[in-house]
Amino acid sequence: MGGLMLDRFGEEAARDALPPATHAYISGGSGDEVTLRANVEAWRGLALRPHVLRDVADMDLRTELLGVPVAAPVAIAPTAMHQLVHPDGELATARAAGDAGLLLAVSMFANHSYADVARAAEGTPSWAQMYLFRDHGLSRELAEKAGESGARAVVVCVDGAAVPRRSRFAKGAFAPPDDLRFPNLAHVGGLTTAITGFDRGMTFDDIGRFAEWSGLPVVVKGVLRGDDAARCVAAGAAAIAVSNHGGRQFDGCAATAGVLAEVVDAVAGRAEVYVDGGIRNGADVVKALALGARAAFVGRPVLWALAAGGVPGAAEYLRELVADVTRVLAFTGCRTPHEATRDLVRAGP
């Protein structure tokens with residue numbers, strides 16, 4: 001990221017702005033944090049092979065995510081409890097996303113409801129993230145609320161088979177402040193009940209339930225294998241998000257950059273494919289596009305920027321990230337995100 005505005009609102013700036021425990025919760029991962037580090041290193045382990053002498057005088061980064069127009073193939077991943085870093089929480093994040101013309105995925109663990117976030121910045125598209133609870137009626141109510149909120153898709157996370165142990169905390173978990181609200185979970189019984197209530201018996205047959213309940217397309221998030229991705233699509237998924245939860249769930253699993261191409265090949269154009277985990281700059285985004293992703297999602301960097309610079313800082317970070325994607329695409333000879341093809345990427349320096 002050297003020299004980019006991305007540094008100005010990066011992790012070190014957020015460390016100075018946040019209580020130590022909050023910074024540890026946002027920046028840390030599970031176990032020995034092998035996957036946390038591997039996500040970043042895997043993108044660094046790929047090199048771009050640019051075309052030259054291509055006409056890149058007119059660049060256009062606009063694209064669509066499940067039919068929703070966005071300014072660039074970058075989106076904000078669903079992350080919990082934005083009030084930890086800004087008093088307005090996800091409302092602030094939505095305003096920053098709207099300023100940059102990007103889509104925001106809203107966590108069910110948000111400190112504002114799906115509907116309030118959708119209304120926070122006029123014209124800012126949002127998706128609603130959720131898990132399946134053992135009591136399917138609770139998930140049905142949540143999905144119905146998402147459908148009524150103005151969200152444009154439901155993001156179903158499928159990596160909740162166990163409760164992770166966060167290595168930076170003595171008891172393995174972060175205890176949020178007592179005054180934080182979780183309005184999306186009011187009908188569930190609160191944060192702790194929600195976390196311990198995930199349905200470990202969830203199967204591919206359950207994917208279609210979310211589309212039925214919400215009336216929205218379903219993005220299945222947490223997929224790291226091509227065979228699983230193909231089965232998700234066959235079960236009704238409109239999109240696959242290649243994700244290991246930023247190394248926050250299962251330490252020791254594959255880095256997303258290393259499995260993205262396999263998932264894209266398995267899906268074979270029948271659904272859109274996205275990726276998150278370790279995306280830090282424009283080169284990472286372009287590598288993801290070249291490997292077949294429709295868009296790259298960023299999580300921690302948005303929270304760092306919001307903590308360090310508020311809404312203006314987060315908006316500036318997102319604008320600079322898009323500008324960096326534009327520069328890298330131009331250097332590789334691509335005028336649009338859709339011109340980035342797999343031959344642009346190779347392993348190694």
Side-chain angles (χ1 to χ4, degrees), residues 38-51 54 59-70 72-75 77 102-103 105 127 153 155 158 217-235 237-244 246 253-299 321-322 324-326 328-348:
N39 275 343
V40 176
E41 293 164 359
W43 296 112
R44 300 296 182 270
L46 298 174
L48 288 165
R49 296 195 309 144
H51 288 291
R54 300 287 183 96
M59 302 290 294
D60 186 356
L61 262 68
R62 291 174 297 177
T63 189
E64 292 185 353
L65 305 182
L66 293 179
V68 178
V70 291
V74 175
L102 304 179
L103 180 144
W127 293 349
V155 180
V158 293
V218 174
V219 181
V220 178
K221 182 177 185 291
V223 178
L224 295 172
R225 298 174 56 98
D227 51 0
D228 283 351
R231 291 190 66 183
C232 287
V233 175
I240 302 296
V242 177
S243 174
N244 55 34
C253 65
T256 53
V259 299
L260 173 58
E262 175 190 328
V263 171
V264 169
D265 290 345
V267 168
R270 293 172 294 146
E272 294 183 4
V273 178
Y274 319 121
V275 67
D276 64 37
I279 300 289
R280 295 292 182 266
N281 55 38
D284 295 342
V285 174
V286 174
K287 292 170 186 176
L289 298 175
L291 290 172
R294 183 81 174 191
F297 281 65
V298 289
L321 179 58
V322 171
D324 197 33
V325 175
T326 306
V328 177
L329 277 174
F331 279 128
T332 59
C334 301
R335 292 174 300 170
T336 73
H338 311 291
E339 292 181 359
T341 51
R342 196 170 293 181
D343 65 294
L344 291 178
V345 177
R346 54 162 284 172

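Heavy-atom neighbours of Arg225 CZ from other residues, nucleotides or ligands within 6.0 Å: at or below the threshold of 12. Residue-environment remark: CZ (Arg342) exceeds the threshold of 12 foreign heavy atoms within 6.0 Å.
Rounding to the nearest 0.5 Å places CH2 of Trp127 at 4.5 Å from CG of Leu66. With rounding to the nearest 0.5 Å, the separation of CG in Asn39 from SG in Cys253 is 7.5 Å. Note that CD1 of Ile240 and CG of Leu260 are 12.0 Å apart. Values are rounded to the nearest 0.5 Å. Separation of atoms NE2 (His51) and OG1 (Thr341) is listed at 5.0 Å; rounding is to 0.5 Å. Between Asp60 atom CG and Arg335 atom CZ the span is 9.5 Å, to the nearest 0.5 Å. Here the straight-line distance linking atom OG1 of Thr336 with atom CE of Met59 works out to 8.0 Å at 0.5 Å rounding.
Of all the heavy atoms in Arg62 and Pro337, the pair that sits closest is O-CD, 4.5 Å. Nearest heavy atoms, Leu329 versus Ala340: CD2-CB, 4.3 Å. Across all their heavy atoms, Ala255 and Asn244 have their closest contact at CA-ND2, 3.9 Å. Considering all non-hydrogen atoms of both residues, Ala271 and Val233 come closest at CB-CG2, 3.7 Å. Here the closest non-hydrogen pair linking Leu61 and Pro73 is O-CD, 3.5 Å. Across all non-hydrogen atoms, the minimal contact from Ala293 to Val264 is N-CG2, 4.3 Å.
Not one N or O on the side chain of Arg231 forms a donor-acceptor pair closer than 3.5 Å with the backbone of Asp228. Here the side chain of Arg49 pairs a donor or acceptor atom with the backbone of Asp343 at under 3.5 angstrom. Put simply, the side chain of Glu272 never gets that close to the backbone of Ala239: no donor and acceptor are under 3.5 Å apart.
Every residue two or more places apart in sequence or in another chain was checked for a salt bridge (charged side-chain N to carboxylate O under 4.0 Å, His left out) with Arg346, and none qualifies.
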Without placing hydrogens or testing angles, list every side-chain donor-acceptor pair under 3.5 Å for residues 283-290, not counting sequence neighbours.
from   : atom 1 : to     : atom 2 : distance (Å)
Asp284 : OD1    : Arg44  : NH1    : 2.9
Asp284 : OD2    : Arg44  : NH1    : 2.9
Asp284 : OD2    : Arg280 : N      : 2.8
Asp284 : OD2    : Asn281 : N      : 3.4
Lys287 : NZ     : Trp43  : O      : 2.8
Lys287 : NZ     : Leu46  : O      : 2.7

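Looking only at side-chain heavy atoms (C-beta outward), Phe331 and Leu48 stay at 4.5 Å or farther from each other. Looking at Val322 and Leu102, their side chains come closer than 4.5 Å, going by heavy atoms from C-beta outward. Between Val298 and Asp276 the shortest side-chain heavy-atom distance does not fall below 4.5 Å.
When each of Leu291, Leu224, Ile279 is paired with Thr256, the side chain to side chain contact (heavy atoms under 4.5 Å, CB included) condition holds for Leu224 and for no other.
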